[in-house]
Amino acid sequence: MNNPERSMSLQTQLDAALRQAIRSALDRDADPLLAPATNPKFGDYQANAAMGLSKAMGQKPRDLAEKIVAALAPGSGASALIAEATLAGPGFINLRLTDAALASAASDMLADDRLSVAPADPPQRIVIDYSGPNVAKEMHIGHLRSTIIGDALARTLDYLGHTVIRQNHLGDWGTQFGILIEFLVDMNWDADPKQLNHQVIADLDKFYRQAKQRFDSDGTFAAAARRRVVHLQSGDSRTLGLWKYLIKNSLLHFNTIYMRLGVLLNDGDIRSESSYNASLAGVVEALNHAGLLKVSDGARVVYPDGFKGKDGEPMPMIVRKSDGGYLYATTDLAAARYRIEQLHAQRVIYVTDSRQSQHFAMVFQVIKQLQWGDDVRFDHVPFGTILGPDRKPFKTRSGGTVKLSEVLDQAVQRASRVVADRDLDEKDKQRIAQVIGIGSVKYADLSNDRIKDYVFDYDRMLALEGNTAPYLINAYVRIQSIFRKVEESGIGCRVSGVGLKITDEAERSLVLKLLQFPGVVNAVAESLEPHRLCTYLYELAGGYHQFYERCQVLKADDAATRDSRLALCRLVARTLQKGLKLLGIETVDRM
RNA sequence: GCACCCGUAGCUCAAUGGAUAGAGCAUCGGUCUUCGGAACCGAGGGUUGCAGGUUCGAGUCCUGCCGGGUGUACCA
C-alpha cells in the first residue's frame, strides 16, 4: 500500500516532468508554476513559468514556452502523462493529460490509505496554541473560532505527518481572580475543593460579573480584591484552595464543550498562564541581559524595532508594571521560550482573533531581537469577528454574551427538525442531529476566509443547498446509499484491484477534481486557511452530483464499467469523509 | 493622529499576479420513467469603493483618497 513511487500524487509527477522539461529545454532549474487549468477548455493543467522566465533569460515568453512544449513531446518520458501540450496566449502551456494517466492516478489514490497525500519531508515539530478559554467563565461565542480553526489546522498538520503539539493557553491568572475570589470569600462561599458540579461554572460566571461591578464602584472592596491578588500570588492556602476549585470546575465545563464539539483538546494539552509564573522574572532578566530592557514611568518596558506609537515615539511593550506585576506580554514571551527550549518547536502557530495582531507582531519581534529561536517560524493566525444579524458582534437580545453551549443546543435542535420525519429510529435521529448540527456550526465558521468577519445565521449554515455541512454530508450519504443497494441486491463489488476507467466527461472531470486533494491539503497547511479545503470539498461534491446525473452506476452497461464507477464512488466518499475529518467534522451513513 | 484588516452580483461568499471575475440563495425558464429530486441544465444580474502607478498580464502588488472595523503603556 504506501509504495512512495505509486502514491506520489499526479500533480507531483507532473511537476517533476515539467521541471525536467524546463531543464532540458532551457538548461535551467525553475518552478514550472503548475496549476489546475483556470478553465476546462484550456485543458487539465497549465504551466505559467515561461512568462516569468522571459525577463531573466532575455527571450520572448512564447519562444521559451515553445521550447518547453517541444521537450514534452512524445518520447520525452512525460508522454505517459501528457496527451497534449499546447502554447497559448502570452506563453501559457496548456496540458491535457491522458485518460490512462488519470485513471491510473485515481486507482493509486484509492489503493493508498493516505489518499496520495505524501508525508511531509522532513516532518516538523509544530506547536499550535488555540482555544485558550478563561477559567471561571463559561465558554462563549468568542471562543468558537480559535477552538475550531485551531483544531482543523492541528488535524491537517498532523495528517501531513508533522508532530503536532497542542497547547491550550488557559487564562487562569490575573487581577480578575483576585476580584472573584474576594467576592466568594465575602459571601462565605465554602467550596469543597473535591466537589465537581456542572452548575458551578454558571454561578461563577454570574458572580464574576457582580464582583466586577462592585470592584468598579466600591473602593473598600477594590482594595480587598487587590490584597487578594497578593494572597493568591504568595500562595495563601484558603485563596489557593478556592482558585484550584475554580480551575477544576472550569475544566469540567471546558471538557464537556470540547467533547460536544469533537475537538482534540484534552487535559494533557493544557499549559495555562499560571504555569509560566516562575519563569516571568527570567524573561525580564533575559531582556535586561540583552540590553533591551528600559524603564519608563516606573514600568519595565522593551521597545521592539519598527513599532511607532502616538507622536512617532517608539512604542513600548510593558513586561513589568510599576507595581511589580507582570502582564500578558511577559507570559507570552515565557510561553514562547518554553516552546522553543523545552518543546523544541520548529514552528509555533497562534490562533487568536485579529485584534491581537499587533501584540503578536511585537512579541515576535522581541523574540527575534532576543535571538531565542532564529530558525523557529512564528505564525499568528488571525481571524475576524462573528457578527449577529445586525452586523455587530454577536450578542444575545439583551446584549449579553452568547454561550457556546446554547449555540450548540440550538444548532442540534434545528438539525433534528431535518431528520424528524425520516424513517429512522430515535437513537439514530439523535446521533444524526448531533453530527449535522455541530458540523454545520463548525463548517460555517471554517468555510469563510478566516480574516473576515462573518454573520452567524442558523438558517444558512443548516441549509441543504450551497456550501454547507449538510450538503456535503448528504453527498456522502447518497454514496453510502449506493453501497447499501449493492449489499441488498447481492451484486457484490470488488473493493481492491479494480481498474478504473474513464468513459464520460463527467467521470473525467470528477477524477481530475479528486486528484487535486493532496495539493489542497498542502495549501491549507501552508496558508493556514481551512476554507480552501471547504471550497474544494464543495466542488468535489458538485462534481460528484454531475457524474451521478450522467453516469449510471449500478445499471452501467457492463460489469467492468459498474465496478469502475463503484470504485470512483468509493474514492469520492473516502475523500469527502477524510476532508471533513480534517476539518473536525463527522459524517453519517443516513440522514 | 498613527498602524493593521476589510470593501467583489440584490443577499451570503469564492478566486497560488494569469486567459471571458465564479458559486449558493433569491428571480425567471428548462430536463428527467428518483441507483436518495436534498439533483441536473440554462438565463438575467459586475466600471471588483474611487483615482493613479508597477507588470506581458492586477480583484490580488505599490501610492493617495472614500467608507467600515480593530488596535494604539501598566486588562488579556
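In what follows, chains carry the letters A, B, and so on, assigned in the order in which the sequence lines appear, proteins first and then strands, with residues in each chain numbered from 1. The figures here come from the full heavy-atom set of this structure, side chains too, leaving out hydrogens, waters and symmetry mates.
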Please work out if [X] contacts a base, only the sugar-phosphate, or nothing of the nucleic acid, heavy-atom cut-off 4.0 Å.
{"X": "A:R565", "answer": "nothing"}
{"X": "A:T468", "answer": "nothing"}
{"X": "A:M315", "answer": "sugar-phosphate"}
{"X": "A:N94", "answer": "base"}
{"X": "A:R550", "answer": "nothing"}
{"X": "A:A463", "answer": "nothing"}
{"X": "A:I451", "answer": "sugar-phosphate"}
{"X": "A:S357", "answer": "nothing"}
{"X": "A:E526", "answer": "nothing"}

**Stacking check A:Y538 vs B:rA23 (5.5 Å / 30 deg)** =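 One would not call A:Y538 stacked on the B:rA23 base.
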**Message:** Under the criterion of centre distance below 5.5 Å and interplanar angle below 30°, is A:Y548 classified as stacked on the base of B:rC35?
**Reply:**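 A:Y548 vs B:rC35: stacking yes.
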**Given RNA chain B, 5'-ward residue of the pair A:L34 and A:C551, judged by closest heavy atom** =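 Nearer the 5' end of the strand: A:L34.
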**Request:** Starting from the 5' end of RNA chain B, give me the residue, A:E539 or A:K41, whose nearest nucleotide shows up first.
**Result:**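 Comparing both residues, the 5'-ward one is A:E539.
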Output all residues satisfying salt bridge (Lys or Arg N to Asp or Glu O under 4.0 Å) with [X], sequence neighbours left out; order by chain, then residue number.
{"X": "A:D457", "value": "A:R460"}
{"X": "A:D216", "value": "A:K212"}
{"X": "A:R62", "value": "none"}
{"X": "A:R96", "value": "A:E84"}

Can you tell me how far [atom1] in [N] sits from the matching atom in [M], rounded to whole Å?
{"N": "B:rU31", "M": "B:rU16", "atom1": "C1'", "value": "38 Å"}
{"N": "B:rU27", "M": "B:rG44", "atom1": "C1'", "value": "9 Å"}
{"N": "B:rG45", "M": "B:rA21", "atom1": "P", "value": "13 Å"}
{"N": "B:rC62", "M": "B:rG17", "atom1": "C1'", "value": "13 Å"}

**Message:** I'd like to check the side-chain hydrogen bond (donor to acceptor under 3.5 Å, both in side chains) partners of A:N168; sequence neighbours left out, ordered by chain and number.
**Reply:**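 Applying side-chain hydrogen bond (donor to acceptor under 3.5 Å, both in side chains) to A:N168 gives A:Y258.
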**side-chain hydrogen bond (donor to acceptor under 3.5 Å, both in side chains) partners of A:T401, counting only residues at least two apart** =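 With sequence neighbours excluded, A:T401 shows a side-chain hydrogen bond (donor to acceptor under 3.5 Å, both in side chains) to no residue whatsoever.
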**Prompt:** Do the non-hydrogen side-chain atoms of A:R450 and A:P382 ever get within less than 4.5 Å of each other?
**Reply:**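 A side-chain contact exists here, since the closest heavy-atom pair is under 4.5 Å.
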**Request:** Would you indicate whether the side-chain heavy atoms of A:V351 and A:R145 approach each other to under 4.5 Å?
**Result:**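 A side-chain contact is absent here, since even the closest heavy-atom pair is not under 4.5 Å.
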Among [options], the nucleotide that comes nearest once only the side chain of [X] is considered:
{"X": "A:E549", "options": "B:rG36, B:rC40, B:rA76", "answer": "B:rC40"}
{"X": "A:A35", "options": "B:rG36, B:rA73, B:rU16", "answer": "B:rU16"}
{"X": "A:F42", "options": "B:rC35, B:rG36, B:rA19", "answer": "B:rA19"}
{"X": "A:E273", "options": "B:rC35, B:rA76, B:rC25", "answer": "B:rA76"}
{"X": "A:H545", "options": "B:rC75, B:rA19, B:rA39", "answer": "B:rA39"}
{"X": "A:L464", "options": "B:rC75, B:rC35, B:rA38", "answer": "B:rA38"}

**Message:** Could you work out, with ring-ring contact (aromatic ring centres under 6.0 Å, His included) as the rule, every residue matching A:F254, not counting sequence neighbours?
**Reply:**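 Expected list: none.
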**Prompt:** Partners of A:Y208 by ring-ring contact (aromatic ring centres under 6.0 Å, His included), sequence neighbours excluded?
**Reply:**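 Residues passing ring-ring contact (aromatic ring centres under 6.0 Å, His included) with A:Y208: none at all.
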**Short side-chain N/O contact to B:rA15 OP1/OP2 from A:H531, under 4.0 Å** =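 The answer is yes; a side-chain N or O of A:H531 sits under 4.0 Å from OP1 or OP2.
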**Asked** Taking OP1 and OP2 of B:rC41, is either one under 4.0 Å from a side-chain nitrogen or oxygen of A:Q546?
**Response**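 Answer yes for this pair, as a side-chain N or O of A:Q546 is under 4.0 Å from OP1 or OP2.
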Distances for protein N or O near nucleotides 53-58 of chain B N or O, under 3.5 Å:
none

Could I get a table of every N or O pair under 3.5 Å where one atom is in the protein and the other is in nucleotides 9-13 of chain B?
residue: B:rU12; atom: O2'; partner: A:R460; partner atom: NE; Å: 3.1
residue: B:rU12; atom: O2'; partner: A:R460; partner atom: NH2; Å: 3.0
residue: B:rC13; atom: O3'; partner: A:N448; partner atom: OD1; Å: 3.3

**Message:** I'd like to know if A:T535 reaches the base of B:rA14 with its side chain such that a donor and an acceptor end up less than 3.5 angstrom apart.
**Reply:**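 No.
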**Asked** Going by an N to O cut-off under 4.0 Å, is there a salt bridge joining A:R565 and A:E507?
**Response**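 Here A:R565 pairs with A:E507 in a salt bridge, since their nearest N and O are under 4.0 Å apart.
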**Asked** Is the shortest distance from a Lys or Arg side-chain nitrogen in A:D390 or A:K392 to a carboxylate oxygen in the other one below 4.0 Å?
**Response**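 No, no charged N to carboxylate O under 4.0 Å.
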Please tabulate, for the side chains in residues 40-49 of chain A, all donor-acceptor contacts under 3.5 angstrom to protein atoms that are two or more places apart in sequence or on a different chain.
residue: A:D44; atom: OD1; partner: A:R508; partner atom: NH1; Å: 2.9
residue: A:D44; atom: OD2; partner: A:L97; partner atom: N; Å: 2.8
residue: A:D44; atom: OD2; partner: A:R508; partner atom: NH1; Å: 3.4
residue: A:D44; atom: OD2; partner: A:R508; partner atom: NH2; Å: 2.9
residue: A:Q46; atom: OE1; partner: A:N48; partner atom: ND2; Å: 3.4
residue: A:Q46; atom: NE2; partner: A:T38; partner atom: OG1; Å: 3.4

**Secondary-structure notation, RNA chain B, from Watson-Crick and G-U pairs under 3.5 angstrom (| other strand)** = (((((((..((((....[...)))).(((((.......))))).....(((((..]....))))))))))))....
**Message:** Please confirm whether the ring centroid of A:Y350 lies under 6.0 Å from the ring centroid of A:H169.
**Reply:**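 They do not qualify: ring centres at least 6.0 Å apart.
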